[in-house]
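All chains are named by letter (A, B, ...) in the order of the sequence lines, taking the proteins before the strands, and each is independently numbered beginning at 1.
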Amino acid sequence: MADYTPSSIEPRWQRIWSERRCFEVPDLPERPRFYCLEMLPYPSGRIHMGHVRNYAIGDVMARFKVMRGFDVMHPMGWDSFGLPAENAAIQRGMHPKEWTESNITDMRGQLVRMGFAYGWSRELATHRPEYYRWNQWFFIQMFRRGLAYRSLRRVNWCPECATVLANEQVEAGVCWRCGTVVTQKELEQWFLRITRYAQELLDDLETMTGWPERVVTMQRNWIGRSEGAFVDFPVEGGAPLRVFTTRIDTIFGATFLALSPDHPVARDVMAGSSQATDVERFLQEHRNAPVGEKLSAEREKAGVFSGRYAVNPFTGSRIPIWIANFVLMEYGTGAIMGVPAHDDRDFEFATLYRLPIARVIATGDGTDPPLPFTTDEGRTIESGRFSGLPRGRARQAMIGWAEAHDFGQGSVQFRLKDWGISRQRYWGTPIPMIHCPACGVVPVAESDLPVLLPEDVLLTGKGGSPLQTSPTFAKVSCPTCGVAARRETDTMDTFMDSSWYFYRYLDPANTTAPYRPELARAWFPIDLYIGGITHAILHLMYARFFSMVMRDLGLGAPGEPVARLVCQGMVLKGGAAMSKSKGNVVAPDDMIEKYGADVTRLFVLFAAPPEKDLEWSESGIDGLHRFARRVWRIVDAHAAAVAGSPMCARPSGAAALELRRKAHQTLTRVTDDIDRRLHLNTAIAAVMELVNALYAFAPAEEGAEAMSGRPDEDRAVLGESLEILAVCLAPFAPHLASEAWELLGRKDLLATHKWPEADPAMLATATVTVVVQVNGKVRGRVEVPQGADEGSVLDAVRSDARLRGTVFPDGGGRIARTVYVPDKLLNVVIAA
RNA sequence: GCGAAAGUGGCGGAACUGGCAGACGCGCCGGACUUAGGAUCCGGUGGGGCAACCCAUGGGGGUUCGAAUCCCCCCUUUCGCACCA
């Protein structure tokens, strides 16, 4: 008997799958299609257990659908632009491209060794010009449609390194590299107008039933739609101030206005007033506050009186204008009306600075709750002609009044902001724009794409955009008028790269278009997309946005690219995410060496359902190793004895019939668990049960000799059951399953073998066990023919000596009623 | 603070539509085979009485013939957002 040696089995099958191109699909599907996608990795150097889990889940689905006869698009690629490559370059003097390409080679090898069924001919890497030229092309299309524009934006700035910092590079308010306190600076940046699609992005969420509820909720909150109104407050001796409010029904209680310290008129409002020096000091302090602190809700409220007054357009009363640190410039208009009686924040602020508090909402039952009263109940009071209205009616009436008198209008605001894509980084897609002194900002001619990332740059981690250090890159002549002009030296946010890559897989070699639209029409939407919950908001929002834009560009994209989304949980060790800094990393390569790829796959799939976090456990993986060896031994022991046995659909022996039932029931369970429920852990549990049943029927230790003395039908059923075992295992442990298939004498490839249908006759049993309850408590069980009616079950209960006394205490006189669920349960209710 | 998800044996988890709680695996206990076992196989394993029975799915209430599952309140944990006017 040979040992189970994954180190010799696995590479052989990997070679066969690759040589026979088992997982390559035609550009246009010829059979029913299934697009199975996993989030592409950043090529950091090594795959980790999180990747293994993510890709193992996708691989089960892809392999299963291949066997079910689908044309399965199951591609893999590399999200290969990004900061780590640049840092590696700075630290080790290696070019980012060299570092990235070498990592890709290593990681591809690791994925192959895991036995994942990718169509590698479609592999892409986003740092390659043949890919990123289409980022540039999309950018230009968006620019032409007004979807890309320039604007000032505050960025994190390290004065020591003289460089822009990404949010991740700001640690507790200081520069990650040199520890200097990070300040803010305004720079001209490129933006994509995702807000144009805000309403559609929100509306579609209602229909996205294939997405996890929590992701839908997160996206809805992120879009953050609120209905309200703009109101202009006249300012004494100045231009009116516009505020946004969702609570215009409380406007009669507005006792102050508050401006964000970042509001463009904050400085002007107080010019010449007696408060000028106080305001100046306040603004100065605000500007110097560390970035992290500035946005925190726990921050103490603070403000300063501007010295000016505005007029409430509804009441005509004079109210002070304050500048307050809790007012955000980024939302609404950067100015608010303060209604302390009906807003927690305004209340806190008014209390702090002793501003008046005026109740204008009452419940009308004489038991008005204490202020601030912020719920949506009640009616207006002290609100002039609008008094006595329910909140909703008051809002309508007041907006109408403001519109009629031309000092306000109803409006919808979104929390979602336009997407700033400029990065002052090297390792990204160059933004294909040219700054011409005569024509302004113009796009590079499409025939000149791609704008190649220059090689002759200095990477120091200091200073502005690295592309500026190239002696040749920025010098260009204007594509419109020909005069000397300057090339844009910023690069794109790498989220651009990952927003549409799943379309490029369809047509990765296309040199004249990002892809052929008819291919998108044939393959989209993606049937199953699997990835980490960390991308629930940004990546998936951008991907949806891009898909809408691509649809509107006539590229055959559906508005929503992903039909079903699965977010797998994290892989933990010792209760914490595996990370280098914690030193709790388990390397997939070590696991392959120790247990093999199949066992590693089985473990990550068995230990927890896909959506839950998975706690790594060494003894847990031992259990799966044992299981794999059990499978191996039972196949190895009986393969010779069962080879060539004809099928036996209706064995006469009880044990053989029982085994055949078990095999076909397992097939049904596994099929349903994978296809409908995506409960991969219970699918594996079902296969384990089948293996246990096989051992009970024909222990491996007795081997071929014992089987040779058994009836033909035993050998036939054993052979069939072993084949079903191989089939059921094929998506999870494909190498072991393929090897078993071959041992059993099958000449075709299991990976592309047709997934069988269970024999319906084996799914039903002649008799069923019906649970007998008294008043809902289990009192026993009876065996009855399947489909038996209530009377027969009661007869069975009466003929059971033990049950009779419990169920019919005085011959049945006190039975109030019975509840019968056919083939399942009989509940006898006995009156007290 | 707001929002979402989850809470089941010693552990990971199962129980699909309200119908036998604890599938499957780990661990543990016992047995077989053995010079030996950290290999393998077989059996046992929620708790209490050790028998018929009783108790048990974070806690408390409710709906129901029947609740891990549905409803209400509370507790705990995790995640997301965090002054969004």
>> Any side-chain N or O of A/N325 below 4.0 angstrom from OP1/OP2 of B/rC83?
In response: no

>> Using OP1 and OP2 only, check whether a side-chain N or O of A/T217 sits under 4.0 Å from B/rG80.
In response: no

> Does A/R677 put a side-chain nitrogen or oxygen below 4.0 Å from OP1 or OP2 of B/rA14?
Replying inline: no

> Between A/R153 and A/E330, is the closest basic N to carboxylate O distance under 4.0 Å?
Replying inline: no

> If you check every side-chain atom of A/Y331, which of B/rC65, B/rA85, B/rC26 has the closest atom?
Replying inline: B/rA85

>> Using the side-chain heavy atoms of A/I537, tell me which of these nucleotides is nearest: B/rG19, B/rC54, B/rC81.
In response: B/rC81

>> Heavy atoms only, 4.0 Å cut-off, all strands: where does A/R214 land among base, sugar-phosphate and nothing?
In response: sugar-phosphate

> Of the nucleotides B/rG27, B/rC54, B/rA23, which has the atom closest to the A/A685 side chain?
Replying inline: B/rA23

> Do any side-chain nitrogens or oxygens of A/R633 fall under 4.0 Å of OP1 or OP2 in B/rC41?
Replying inline: yes

>> Both A/V819 and A/T682 contact RNA chain B. Which one's nearest nucleotide lies toward the 5' end?
In response: A/T682

> Base, sugar-phosphate alone, or nothing: which one does A/S226 contact when heavy atoms must sit under 4.0 Å apart?
Replying inline: sugar-phosphate

> Can you tell if the side chain of A/R781 reaches within under 4.5 Å of the side chain of A/V778, non-hydrogen atoms only?
Replying inline: yes

> Are OP1 or OP2 of B/rA15 and a side-chain N or O of A/H679 less than 4.0 angstrom apart?
Replying inline: yes

> Of all the nucleotides listed (B/rA21, B/rC54, B/rC42), which has the minimum atom distance to the side chain of A/V778?
Replying inline: B/rA21

> Mapping A/K612 and A/E213 onto RNA chain B by nearest heavy atom, which one lands closer to the 5' end?
Replying inline: A/E213

> Where the side chain of A/R415 is concerned, which of B/rA85, B/rC42, B/rA82 is the nearest nucleotide?
Replying inline: B/rA82

>> Regarding A/V327, tell me which of base, sugar-phosphate or nothing describes its non-hydrogen contacts under 4.0 Å with the strands shown.
In response: base

> A/M688 side chain: which of B/rU40, B/rG25, B/rC81 is closest?
Replying inline: B/rG25

>> Ring of A/Y695, cation from A/R630 - is the NZ or CZ under 6.0 Å from the centre and inside 45° of the axis?
In response: yes

>> Less than 3.5 Å apart, any donor N or O on the side chain of A/E783 or A/T769 sitting next to an acceptor on the other?
In response: yes

> When we call it a touch if two heavy atoms are under 4.0 Å apart, what does A/P609 touch: a base, just sugar-phosphate, or nothing?
Replying inline: sugar-phosphate

>> Any base atoms under 4.0 Å from A/R676, or only sugar-phosphate, or nothing? Heavy atoms, all strands.
In response: base

> So, A/E790 versus A/T818: side-chain donor-acceptor pair below 3.5 Å or not?
Replying inline: yes

